[in-house]
Amino acid sequence: MSGRGEGGRRERRVRVVVADDQTVVREGLVLLLGLLPGVEVVGVAADGEEAVRAAEAARPDVVLMDLRMPRVDGVEATGRIRSSCPEVQVLVLTTYSDDESVFAAIRAGARGYLTKDTDAEGLAFALSVVAEGRAQFDPEVQRRLAEAATGAVTGSRRASRLPDGLTPREAEVLRLIAAGRSNGEIAGELFISEATVKTHINNLFAKAGLRDRAQAVTYAFRNGLAPDES
């Protein structure tokens, strides 16, 4: 909504829907946003399904979106909102900053990504930027995106040489297996969960016809994917 500022000048207000499954967090955000100049809360949602409905009903400038929610998570809700209400922007505000969460949210159409340790000033700035259709990311997330972009250039050069249809991420997991890393160490180095590491390992084992990590190490060296040959 818009109001009149000093001298009759129109002052733009950022209209926001808050989506978070934790009642204390959701109500706290509503109170905080109510104190910020130029921000108006026009809806709340306790899960992704409610977030989609609230966005379609209120047509806010921004949906402030948590990721881990019941019924429909924040990533799916983001994609549905961007599809049905393309003029509505999504700013993720979550506890999670791992690569999988970040990239999934961005692929779904999120314009911004902040962690919940963001202060009020940072949140207000991000809302104003995202409402204009521009991107705004937490500094740590921005660093990871830059690293991923650099890695994507290198990965695209190597992709045609990867055997058995391995993806660049599967090849990276294989390289770390060959370096003797455990699943937990791989997860920490790649900023992903152990469950995701196991999924990548299962996929690359199936593609390469491997039975165990010993075979994986041999396979890595044979195909030039071991650390000292990368």
Side-chain angles (χ1 to χ4, degrees), residues 47-48 65-83 90 92 94-115 135 137-230:
D47 59 46
M65 182 78 74
D66 189 22
L67 288 185
R68 309 291 169 87
M69 294 187 292
R71 293 206 296 170
V72 174
D73 65 22
V75 171
E76 182 180 341
T78 296
R80 287 169 57 180
I81 290 169
R82 295 294 296 147
S83 177
V90 176
V92 170
T94 182
T95 305
Y96 308 95
S97 61
D98 59 280
D99 284 2
E100 293 295 323
S101 297
V102 171
F103 297 145
I106 293 173
R107 284 194 298 268
R111 283 287 186 180
Y113 198 110
L114 301 178
T115 56
F137 299 104
D138 177 270
E140 175 63 16
V141 170
Q142 197 164 17
R143 180 185 68 79
R144 291 182 185 175
L145 289 173
E147 290 177 351
T150 301
V153 173
T154 302
S156 65
R157 292 170 180 167
R158 294 180 178 177
S160 61
R161 304 203 306 267
L162 294 178
D164 299 313
L166 296 186
T167 66
R169 179 61 105 183
E170 290 162 358
E172 184 68 8
V173 170
L174 178 63
R175 183 185 70 80
L176 293 172
I177 290 174
R181 304 288 201 278
S182 68
N183 286 5
E185 290 169 334
I186 294 172
E189 190 157 337
L190 298 182
F191 299 102
I192 59 179
S193 69
E194 285 195 53
T196 301
V197 172
K198 290 177 183 177
T199 297
H200 288 314
I201 291 174
N202 289 338
N203 289 341
L204 73 89
F205 274 30
K207 289 177 180 180
L210 305 173
R211 292 193 305 272
D212 52 39
R213 294 174 90 94
Q215 284 191 348
V217 172
T218 301
Y219 178 87
F221 276 95
R222 187 170 67 244
N223 288 281
L225 298 173
D228 61 340
E229 295 184 29
S230 61

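Remember, predicted model here, so these are calculated numbers, not experimental data. Residue numbers start at 1 and run along the sequence shown.
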Between [atom1] of [X] and [atom2] of [Y], what distance do you get to the nearest 0.5 Å?
| X | Y | atom1 | atom2 | result |
| --- | --- | --- | --- | --- |
| L67 | D73 | CG | CG | 7.5 Å |
| L114 | M65 | CG | CE | 14.0 Å |
| L204 | I177 | CG | CD1 | 5.5 Å |

Who passes side chain to side chain contact (heavy atoms under 4.5 Å, CB included) against S193, sequence neighbours left out? A195, T196

Under a 4.5 Å cut-off applied to non-hydrogen side-chain atoms, are [X] and [Y] in contact?
| X | Y | result |
| --- | --- | --- |
| I106 | R111 | no |
| D47 | V72 | no |
| T78 | R82 | yes |
| L190 | H200 | no |
| L176 | E189 | yes |
| T94 | T115 | no |

Backbone N/O of [Y] and side chain of [X]: donor-acceptor pair under 3.5 Å:
| X | Y | value |
| --- | --- | --- |
| Q215 | R211 | yes |
| N223 | Y219 | yes |
| E170 | T167 | yes |
| E185 | S182 | yes |

So which atom in [X] and which in [Y] form the shortest heavy-atom distance, rounded to 0.1 Å?
| X | Y | answer |
| --- | --- | --- |
| A105 | V92 | CB-CG2, 4.0 Å |
| L162 | A171 | CD2-CB, 3.7 Å |
| P163 | L225 | CD-CD1, 4.0 Å |

Passes salt bridge (charged side-chain N to carboxylate O under 4.0 Å, His left out), R175 versus E172? Steps please. CA-CA 5 Å; R175 183 185 70 80; E172 184 68 8; 2.8 Å; yes

Looking just at side-chain N and O atoms, do R169 and N203 make a donor-acceptor pair shorter than 3.5 Å? no

With a 4.0 Å cut-off, would you call K207 and D164 a salt bridge? no

Any salt bridge linking K198 with E194? Criterion: basic side-chain nitrogen under 4.0 Å from a carboxylate oxygen. no

Would you please test R222 and V217 for side-chain contact (heavy atoms from CB on, under 4.5 Å) and show each step? CA-CA 9 Å; R222 187 170 67 244; V217 172; over 6 Å; no

